[in-house]
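First comes the structure, then the notes that go with it.
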There are 2 protein chains.
Amino acid sequence: MESDNVVRALGALAQEHRLALFRLLVQAGPDGLAAGAIAEALGVPASSLSFHLAQLTNAGLIAQRRDGRSLIYSADYGAMTALLGFLMENCCGGAVCAPAAPCDTRDKTERTAA
Amino acid sequence: MESDNVVRALGALAQEHRLALFRLLVQAGPDGLAAGAIAEALGVPASSLSFHLAQLTNAGLIAQRRDGRSLIYSADYGAMTALLGFLMENCCGGAVCAPAAPCDTRDKTERTAA
DNA sequence: ACGCCATTTCGATAATCATCGAAATATCTG
DNA sequence: CAGATATTTCGATGATTATCGAAATGGCGT
């Protein structure tokens with residue numbers, strides 16, 4: 001991950017609503033959540049939420065897919081792993097001191113198959 | 001680390017100059033660097049740098065100490081570890097998937113003694 | 001005390017960000 | 001196609017952020 005992307009990712013997470021939103025999506029897993037469900041969970045007006053979703057999407061931290069008239073958002077575990085990897089790579093003068101793979105990035109289907 | 005502190009820490013790192021600054025201090029180690037040396041290394045005017053140093057200090061990511069007429073800044077490894085810990089704790093529905101101790105947080109004296 | 005040096009604070013300016021209602025877009029159903 | 005639902009885009013507003021020169025502060029040497 002490039003330094004520029006890292007700044008954007010950190011900036012996207014550096015906001016109360018968006019941090020809560022991202023954590024919500026992470027906990028929701030690969031199935032994700034519809035925008036409406038997120039708005040309700042966070043108690044944020046739809047238009048405000050849309051703004052925050054756009055920020056996280058632009059930062060590459062979440063993905064969007066359509067299901068009927070709902071738009072489903074889900075966390076991009078790979079991006080999160082890359083971000084953590086960058087922060088850790090650069091914490092001790094270039095030495096990596098901990099594995100940069102915090103999550104099982106496979107989705108439910110893959111885990112079941114494995 | 002509380003969610004509020006996390007937002008502040010992420011916000012502090014979500015800026016090109018400050019991310020470079022923090023990485024510089026991390027690489028410099030516990031001895032830290034004087035404000036002037038940092039300004040020169042980053043090519044940022046003194047007054048701008050002072051603003052960024054204040055942001056990082058306020059976020060608890062760096063510490064300040066005086067040496068003569070110089071102010072020496074150094075990375076707070078504990079804060080960085082706590083931040084990484086928070087991000088990892090909260091990435092998989094509460095399960096910690098990787099050790100949250102990326103760095104040897106002891107200073108030179110302690111390492112030598114060990 | 002005086003001048004020097006390192007750094008911060010002040011003040012002004014331009015830019016970006018957060019918020020949210022109203023209107024527009026896209027999809028489904030009948 | 002018309003109506004209902006889910007979500008985004010637009011537009012306006014207030015708040016925060018980044019920048020940097022000039023002036024103020026704090027510590028040092030003489």
Using atom types as modelled, flag every donor-acceptor pair under 3.5 Å from a side chain in residues 35-44 of chain A to any protein atom, sequence neighbours excluded.
none

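Here D:dT19 presents its C1' atom at 14 Å from CD of B:Glu16, a figure rounded to the nearest Å. The CG-P distance, from B:Asn58 to D:dT17, rounds to 10 Å in whole Å. Across the protein-nucleic acid pair, B:His52 atom NE2 and C:dT7 atom P stand 16 Å apart, rounded to whole Å. The CD1-P distance, from A:Ile62 to D:dT7, rounds to 13 Å in whole Å. With rounding to whole Å, A:Arg8 atom CZ is found 16 Å from C:dC17 atom C1'. What separates CG of A:Leu56 from C1' of C:dA18 is a distance of 14 Å, to the nearest Å. Straight-line distance from the CD atom of B:Gln55 to the P atom of D:dT17: 6 Å, rounded to whole Å. Rounded to whole Å, atom C1' of D:dA18 lies 16 Å from atom CG of B:Leu13.
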Can you pull every protein N or O that's under 3.5 Å from an N or O on nucleotides 8-12 of chain D?
from, atom 1, to, atom 2, distance (Å)
D:dT8, OP1, A:Tyr73, OH, 2.2
D:dT8, OP2, A:Ser50, OG, 3.3
D:dT8, O5', A:Ser50, OG, 3.2

Distances for protein N/O vs nucleotides 24-30 of chain C N/O pairs under 3.5 angstrom?
none

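A single hydrophobic cluster is seen to contain both A:Leu24 and A:Leu49, as judged by linkage of ILVMFWY side chains at heavy-atom distances under 4.5 Å, directly or through other members. Hydrophobic cluster membership differs between A:Leu56 and A:Ile72, with clusters built from Ile, Leu, Val, Met, Phe, Trp and Tyr side chains linked at under 4.5 angstrom.
Atoms CG and CE, from A:Leu84 and A:Met88 in turn, are 5.5 Å apart once rounded to the nearest 0.5 Å.
Looking at residues two or more places apart in sequence or on another chain, you find a side chain to side chain contact (heavy atoms under 4.5 Å, CB included) between B:His52 and B:Gln15, B:His17, B:Arg18, B:Leu21. In terms of the salt bridge (Lys or Arg N to Asp or Glu O under 4.0 Å) criterion, B:Asp67 has no residue partners (sequence neighbours excluded). Not counting sequence neighbours, the partners of B:Leu71 by the side chain to side chain contact (heavy atoms under 4.5 Å, CB included) test are B:Gln64, B:Arg66, B:Tyr73. Applying the side chain to side chain contact (heavy atoms under 4.5 Å, CB included) criterion to B:Ala28, with sequence neighbours excluded, gives B:Leu33. With sequence neighbours excluded, the residues forming a side chain to side chain contact (heavy atoms under 4.5 Å, CB included) with A:Ser74 are A:Ala63, A:Arg65, listed by chain and number.
Here the shortest heavy-atom pairing between A:Ala79 and A:Gly60 reads CB-O, 3.2 Å. Taking each heavy atom of B:Phe22 and B:Leu61 in turn, the nearest pair found is CE1-O, 3.4 Å.
Within residues 36-45 of chain A, the residues approaching DNA chain D are A:Gly36, by heavy-atom distance under 4.0 Å.
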